[in-house]
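As structure tokens, the structure follows; a few thoughts come after it.
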Amino acid sequence: PALLAAKASLTAAEGQLADAQGLLWNNPQLSAERLRRQVPQPGLGDQTEREWGVGLSQTLEIADSRAAPHAAEQELAALREAVEETRRQIRAEVEQKFVRVVSLQLRTETEAGLVELIQDNAAVTRKRFDAGEDTRLDANLAEVELGRARNQLESVREQLIQARAEL
């Protein structure tokens, strides 16, 4: 949406430049006037006179004083740069979101591998406890660590879903 808005303002500026470069860029002005007067004439009484006038005016540029087209060209150049800046910002934003998704995908794979290792460790600890070689505390700690690893994996998966939605 930001890029479309910038392009729309660029199109409007191009239209203004086209208007400013036209032969009669400063619109002609038309004026009309009508007047009624009573003029006293000696010995004849009052006589009503009607007057009217029409005028047309147009500003003409002389020499190299066309300031409006020059200003419109400068505005158009500035808007082109603004559109390019908007495009660069959007690309950077998309790139950052893409990198975040890729990094979260890699982190999810790493966390899944870690959960598997902790599951194997918890299974070994449980067997050692059943055999009487480890204490109940060691078995419980292994189960707690497995739960933490699973929670961390789910947290990363949720972050990945959110990052994909943002992208």
Side-chain angles (χ1 to χ4, degrees), residues 1-30 58-167:
L3 184 59
L4 291 176
K7 284 183 178 181
S9 61
L10 178 65
T11 303
E14 288 171 346
Q16 288 177 350
L17 178 62
D19 286 346
Q21 289 176 336
L23 179 61
L24 299 175
W25 72 273
N26 199 0
N27 290 336
Q29 296 178 355
L30 179 65
Q58 169 68 45
T59 304
L60 297 176
E61 297 296 331
I62 52 175
D64 196 21
S65 65
R66 295 189 56 139
H70 183 64
E73 287 172 359
Q74 288 179 341
E75 183 180 350
L76 183 62
L79 284 173
R80 283 188 179 136
E81 288 301 317
V83 167
E84 285 304 312
E85 178 62 24
T86 302
R87 185 175 283 130
R88 283 190 290 272
Q89 288 175 349
I90 291 172
R91 284 182 181 164
E93 183 180 330
V94 169
E95 183 179 343
Q96 288 174 347
K97 290 179 180 181
F98 177 76
V99 168
R100 179 165 165 72
V101 167
V102 170
S103 68
L104 285 172
Q105 286 175 340
L106 292 174
R107 187 169 172 201
T108 301
E109 292 173 9
T110 304
E111 292 288 338
L114 183 62
V115 166
E116 289 177 20
L117 290 174
I118 293 175
Q119 278 178 335
D120 293 343
N121 184 34
V124 168
T125 304
R126 201 174 310 113
K127 287 180 184 177
R128 289 175 55 101
F129 172 73
D130 291 342
E133 295 176 6
D134 271 344
T135 65
R136 176 168 288 289
L137 179 62
D138 290 333
N140 288 342
L141 285 176
E143 290 297 321
V144 167
E145 286 301 317
L146 178 60
R148 284 183 184 169
R150 286 179 178 158
N151 288 340
Q152 183 65 26
L153 176 61
E154 287 306 311
S155 173
V156 172
R157 284 181 178 162
E158 288 174 7
Q159 291 174 9
L160 177 60
I161 290 170
Q162 183 179 0
R164 283 180 177 163
E166 290 174 4
L167 178 62

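The first residue of the sequence shown is numbered 1, and numbering continues consecutively from there.
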Q: Determine, step by step, whether R148 and Q152 satisfy the side-chain contact (heavy atoms from CB on, under 4.5 Å) criterion, reporting the C-alpha distance in whole Å, the side-chain angles of both residues, the deciding distance to 0.1 Å, and the verdict.
A: CA-CA 6 Å; R148 284 183 184 169; Q152 183 65 26; over 6 Å; no

Q. For residues 155-167, which residue pairs qualify under salt bridge (charged side-chain N to carboxylate O under 4.0 Å, His left out), counting only residues two or more places apart or in two chains?
A. E154-R157

Q: For E85, enumerate each residue passing the side chain to side chain contact (heavy atoms under 4.5 Å, CB included) test, keeping only those at least two apart in sequence or located in another chain.
A: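 Checked E85 against side chain to side chain contact (heavy atoms under 4.5 Å, CB included); matches are R88, Q89.
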
(Q) Going by side chain to side chain contact (heavy atoms under 4.5 Å, CB included), name the residues that satisfy it together with T86, two or more places apart in sequence or in a different chain. (A) A2, L3, A6, I90

**Q.** Within 6.0 angstrom of R91 CZ, more than 12 heavy atoms from elsewhere
**A.** no

Q | Under the side chain to side chain donor-acceptor pair (under 3.5 Å) test, residues paired with Q159 that sit two or more places apart | A |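 Once residues adjacent in sequence are excluded, Q159 has no partner under the side chain to side chain donor-acceptor pair (under 3.5 Å) criterion.
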
Q) So which heavy atom on A142 is nearest to which on A122, and how close? A)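 Nearest heavy atoms, A142 then A122: CB-CA, 3.9 Å.
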
Q) Any idea which heavy atoms bring A149 and V115 closest together, and the distance? A)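 Where A149 meets V115 most closely, the heavy atoms are O-CG2, 3.5 Å.
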
(Q) Measuring only between side-chain heavy atoms, which start at C-beta, is R80 closer than 4.5 Å to L76? (A)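 When only atoms from C-beta onward are counted, L76 and R80 do touch, with a gap below 4.5 Å.
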
Q | Inter- and intrachain pairs under side chain to side chain donor-acceptor pair (under 3.5 Å), touching residues 114-135, at least two apart | A |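 Every pair satisfying side chain to side chain donor-acceptor pair (under 3.5 Å) with a residue in residues 114-135: R126-E143, R128-D134, T135-D138.
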
Using atom types as modelled, flag every donor-acceptor pair under 3.5 Å from a side chain in residues 94-110 to any protein atom, sequence neighbours excluded.
unit_1 : atom_1 : unit_2 : atom_2 : d
K97    : NZ     : E93    : OE2    : 3.2
S103   : OG     : V99    : O      : 3.3
S103   : OG     : R100   : O      : 2.8
T108   : OG1    : L104   : O      : 2.7
T110   : OG1    : L106   : O      : 2.9

